[in-house]
Amino acid sequence: SQTIHQWPATLVQPVGSPLSLECTVEGTSNPNLYWYRQAAGRGLQLLFYSVGIGQISSEVPQNLSASRPQDRQFILSSKKLLLSDSGFYLCAGIHGGEQYFGPGTRLTVT
Amino acid sequence: ELKVEQNPLFLSMQEGKNYTIYCNYSTTSDRLYWYRQDPGKSLESLFVLLSNGAVKQEGRLMASLDTKARLSTLHITAAVHDLSATYFCAVEGNLIFGKGTKLSVKP
């Protein structure tokens with residue numbers, strides 16, 4: 001079965017610090033991968049999606065970036081975090097009609 | 001631009017009652033998904049609807065899809081407290097989500 005792993009589970013970072021969140025996929029190859037952010041009590045905002053290695057589409061231009069260095073690895077980064085970057089970050093994947101979510105990373109920017 | 005609209009956004013129900021959550025989307029799509037999210041948790045997949053007229057049921061939840069109307073519904077039958085959660089629909093294309101419906105079932 002397909003599984004998405006995310007780490008870390010929780011993270012507290014100061015404003016202006018860098019960020020790297022990792023998402024890895026197990027049990028499938030060549031999935032479409034997605035990064036979402038969910039602010040407290042809000043819906044899911046699509047940040048980036050990727051249909052393959054090195055292929056990244058951005059939905060929201062801001063201080064975040066994403067990379068897909070390997071088929072089953074999707075990384076979300078920032079050079080300098082803002083307070084507004086706080087939220088619950090979810091990685092999701094779709095392959096062959098099946099879709100699945102990772103457990104999420106809760107980021108608090110202080 | 002694909003838009004997905006859910007309504008209502010908040011729903012307070014009494015146990016034993018029935019209700020329907022609606023999900024409208026703006027362009028054609030191959031698949032529609034329903035998810036459940038408990039507070040502080042990730043999303044749990046409930047249903048994947050693949051074609052016009054598709055209907056799927058699991059326990060007290062039933063989802064349907066009308067691709068001509070670009071509408072999906074999530075029907076709740078005889079609600080129980082355990083169904084309290086936030087429910088999202090999402091449309092494939094770029095897996096765009098609705099804003100979610102926060103359901104609270106009260107005794």
Side-chain angles (χ1 to χ4, degrees), chain A residues 1-11 21 23 25 27-28 31-52 55-61 66 74 86-108, chain B residues 1-12 21-27 29-51 54 56 63 65 67 72 74 84-104:
Chain A
S1 62
Q2 297 127 344
T3 305
I4 287 193
H5 302 280
Q6 284 185 249
W7 62 87
T10 60
L11 191 59
L21 301 181
C23 166
V25 181
T28 189
N32 288 350
L33 295 174
Y34 305 81
W35 275 114
Y36 291 90
R37 178 171 63 202
Q38 186 177 35
R42 308 288 294 274
L44 279 78
Q45 179 187 28
L46 178 62
L47 301 175
F48 301 95
Y49 69 94
S50 171
V51 298
Q55 300 178 65
I56 307 295
S57 295
S58 173
E59 292 293 308
V60 184
F74 201 24
S86 293
F88 191 42
Y89 288 80
L90 286 161
C91 179
I94 292 181
H95 180 75
E98 294 188 48
Q99 29 70 52
Y100 34 95
F101 276 80
T105 295
R106 189 163 303 280
L107 171 66
T108 303
Chain B
E1 179 187 353
L2 174 61
K3 292 183 180 179
V4 181
E5 293 185 355
Q6 279 183 245
N7 68 84
L9 298 182
F10 298 93
L11 179 56
S12 181
I21 299 171
Y22 297 88
C23 174
N24 290 91
Y25 52 98
S26 60
T27 64
S29 175
D30 292 336
R31 291 185 173 88
L32 188 134
Y33 303 87
W34 283 98
Y35 298 88
R36 168 182 172 143
Q37 186 181 34
D38 292 300
K41 303 291 187 180
S42 185
L43 273 70
E44 172 191 352
S45 176
L46 295 175
F47 302 107
V48 182
L49 302 170
L50 301 177
S51 60
K56 290 194 174 181
L65 179 62
T67 57
S72 180
L74 180 66
S84 297
T86 299
Y87 293 84
F88 291 93
C89 64
V91 176
E92 197 174 6
N94 288 341
L95 202 57
I96 302 296
F97 279 77
K99 291 184 178 181
T101 297
K102 187 172 183 179
L103 172 65
S104 176

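A note on names: the letters A, B, ... follow the listed sequences, proteins ahead of strands, and every chain is numbered from 1.
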(message) With a 6.0 Å cut-off (strictly less than), is the heavy-atom count around CD of Gln45(A), excluding the residue itself, greater than 12?
(response) yes
(message) As an exercise, state the distance from CG of Leu46(A) to CD1 of Ile96(B), rounded to the nearest 0.5 Å.
(response) 5.0 Å
(message) Is Tyr36(A) close to chain B through its backbone or its side chain, or both, or neither, when contacts mean heavy atoms under 4.5 Å?
(response) side chain
(request) For Tyr35(B), enumerate each residue passing the side chain to side chain donor-acceptor pair (under 3.5 Å) test, keeping only those at least two apart in sequence or located in another chain. (result) Gln99(A)
(request) Look at the side chain of Ser42(B) and the backbone N and O of Gly102(A), then say whether any donor-acceptor pair between them is shorter than 3.5 Å. (result) yes
(message) Quick check on Lys102(B) against chain A: is it the side chain, the backbone, both or neither that has a heavy atom closer than 4.5 Å?
(response) neither
(message) Test side-chain contact (heavy atoms from CB on, under 4.5 Å) on Leu44(A) and Leu43(B); report intermediate values, then the result.
(response) CA-CA 10 Å; Leu44(A) 279 78; Leu43(B) 273 70; 4.2 Å; yes
(request) Answer whether the closest heavy-atom distance between the side chains of Phe88(A) and Gln37(B) falls below 4.5 Å. (result) yes
(message) Under 4.5 Å from any heavy atom of chain B, what part of Gln6(A) do you find: side chain, backbone, both or neither?
(response) neither
(request) Measure the OH-CD1 distance between Tyr33(B) and Ile94(A) for me, rounded to the nearest 0.5 Å. (result) 4.0 Å
(request) Kindly give the heavy-atom pair with the smallest separation between Gln38(A) and Phe88(B), and that separation in Å. (result) NE2-CZ, 3.6 Å
